[in-house]
Amino acid sequence: MNKTTIFLTDFHPFVSKNILSSGVLDNFSKNSKVILFVFKDKEDYFKSIYQNENVFVEGVDLGWEIRNRRNKFFIRVSESLLDTNFMKVHKMEVLIKTGSRLKYYFSLIFTRIFASIAPFKKFIRWLDYKMNNPKLFQAYFDKYKPNIVFATDIFNDADLFLLKNAKYLGIKNVAMLRSWDNTTSRGYLRFIPDKLIAHNEIMKKEMLKYHDVREDLIYLSGIPQFEKYLKMKPSPRKEFYQKIGADPNKRLVLFAPAGHHFIDTDWQICQMLKVLYREKKIPQDIQFLVRIHPFLWVDLSRFEPDSNFIIDAPGPASSEKPSGKKEGELNNKVFFQHIYDSLHYSSLVMNSMSSIIIDTMVFDKPLITINFDGWEKSEDVPFLRSLPKRWRQEENQISWMSFGSTALANNKEELTLWINRYLENPSIHSRERRNFKEAYCWKFDGKSAERIAEICLR
């Protein structure tokens, strides 16, 4: 009996973490033949890790087609058909970059008129499929004759081209939402697959509200990359502390800066923590583990860390100004163990703009969310670079903060207060953290990877 052949995509670094290293690929390859599509420049890397008797890696070069005028047109239209706070601010960013007020106001008017007309949006989606379907994967369909196509990031252009190609050939297609914020930040959904996998009820409701997807097409899975933690164990404390250069006599407080992509004041928060410690306004048996985002540059050039600060850059990014785009994949066992140990041994986590909040809830660690722009006066911080004025107004931020699972620090005094309160009593907001985990991670039973495979195969 011939094996089922599955096309699977990985065109984003987080997919390696979410799908390939979380058990989903293993569930597929047990009894099926998997063709893994990656960008051409990463083909050899993926082959060295994943290719085996049941998994075959194909590198593709789609850059020219993704950047063509036709596809760019439909990207712009889809962005204008999503009426969210995030997209409103995105229009402002485009205005600042291009200086074209005409395009800006036309886009606002277009959204105001057409974003609420479902038949028009569905017509644009149909037009996108008919006019922007170059069948870039046809040679691979002819070669492998797949039974199922599984696109791991439905808002990614490369995934969209594969899905369109599959639909044209009448092949079963399944797609997944990659991240919790994609539903309100990536434009109006340009393709409806046979099945759409969402992590939780929150994302499902947003797909119904913003993207006109039929409810019976949406399946819930949970988030497999977080369920990896259920099977992991921490490294010995002494070993981990030696690895990061920490003082074994002090507790860890983990701080995840936002990164220069979002704000300019990460270094000021670090400096405040340094001063608070020096002035003995916070416990003296703590040290700060400043965890750099794996791909976003964090500008700490104006901060001078002392022995109480550990600058930790576990991914491709760093605290030094990058010379170019940072590349990499989040599929390394050492990387996973490091974040596990970092959270396990931290007594408190502080966050500015990071999905580490979900990890924090899984570990039931107290969380402080920074909601002020360092020591800058509010009027002096540009709207587009402000945590409270801009970033906290995004739909996904409003949603997760509504659970009350974090202390929102609106100034230095509140930051001081919550550091002391949480370190004295880490059980504060524990119930709210549990509610958050149940909502965002859904069942959290260790079976998300298995569910994703079952949804695709049945």
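Not measured: the values here are computed from a predicted model.
- Scored by the side-chain hydrogen bond (donor to acceptor under 3.5 Å, both in side chains) test, Asn411 finds no partners at all (sequence neighbours excluded).
- Judged as a salt bridge (charged side-chain N to carboxylate O under 4.0 Å, His left out), not a single pair has a partner in residues 252-261 (not counting sequence neighbours).
- Legend: ring-ring contact (aromatic ring centres under 6.0 Å, His included) pairs involving residues 74-93, not counting sequence neighbours: none detected.
- Between Tyr440 and Trp400, the ring centre distance reaches or exceeds 6.0 Å.
- With Phe114 as the aromatic partner, Lys121 does not meet the cation-pi criteria of under 6.0 angstrom to the ring centre and within 45 degrees of the ring axis.
- More than 12 heavy atoms of other residues, nucleotides or ligands sit less than 6.0 Å from atom CD of Glu438.
- For Glu424, the salt bridge (Lys or Arg N to Asp or Glu O under 4.0 Å) criterion is met by no residue, not counting sequence neighbours.
- With sequence neighbours excluded, no residue satisfies ring pair (Phe, Tyr, Trp, His ring centres under 6.0 Å) with Tyr104.
- Here the two rings, on Phe288 and Phe255, have centers that are 6.0 Å apart or farther.
- Taking 4.5 Å as the limit, every side-chain heavy atom of Pro257 sits out of range of all side-chain heavy atoms of Ser352.
- In terms of the ring pair (Phe, Tyr, Trp, His ring centres under 6.0 Å) criterion, residue partners of Phe363 (sequence neighbours excluded) are, by chain and number, Tyr229, Tyr340.
- For residues 232-256, the pairs satisfying salt bridge (charged side-chain N to carboxylate O under 4.0 Å, His left out) are Arg251-Asp285, with sequence neighbours left out.
- Evaluation of the ring pair (Phe, Tyr, Trp, His ring centres under 6.0 Å) rule for Phe226 yields no partner, not counting sequence neighbours.
- Evaluation of the ring pair (Phe, Tyr, Trp, His ring centres under 6.0 Å) rule for Phe161 yields no partner, not counting sequence neighbours.
- You'll find the ring centres of His429 and Trp418 inside the 6.0 Å limit.
- Put simply, the side chain of Gln284 gets close to the backbone of Tyr277: a donor and an acceptor are under 3.5 Å apart.
- Partners of Gln287 by side-chain hydrogen bond (donor to acceptor under 3.5 Å, both in side chains), not counting sequence neighbours: none found.
- Remark: Lys195 is positioned above the aromatic ring of Tyr219, its terminal NZ or CZ atom under 6.0 angstrom from the ring centre and at most 45 degrees off the axis.
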Please tabulate, for side-chain N and O atoms in residues 202-209, each donor-acceptor pair with protein atoms closer than 3.5 Å (sequence neighbours left out).
residue, atom, partner, partner atom, Å
Lys204, NZ, Glu215, OE2, 3.4
Glu206, OE1, Thr183, OG1, 2.5

Exercise for review: Assess whether ring-ring contact (aromatic ring centres under 6.0 Å, His included) is satisfied between Phe37 and Phe7, documenting all intermediate values.
Suggested key: CA-CA 7 Å; Phe37 288 98; Phe7 278 7; 4.8 Å; yes
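- A cation-pi geometry, defined here as NZ or CZ lying under 6.0 Å from the six-membered ring centre and within 45° of its normal, does not hold between Lys412 and Phe372.
- Applying the salt bridge (Lys or Arg N to Asp or Glu O under 4.0 Å) test to Asp364 and every residue at least two apart in sequence or in another chain returns Arg433.
- Between Phe155 and His211, the gap from one ring centroid to the other is short of 6.0 Å.
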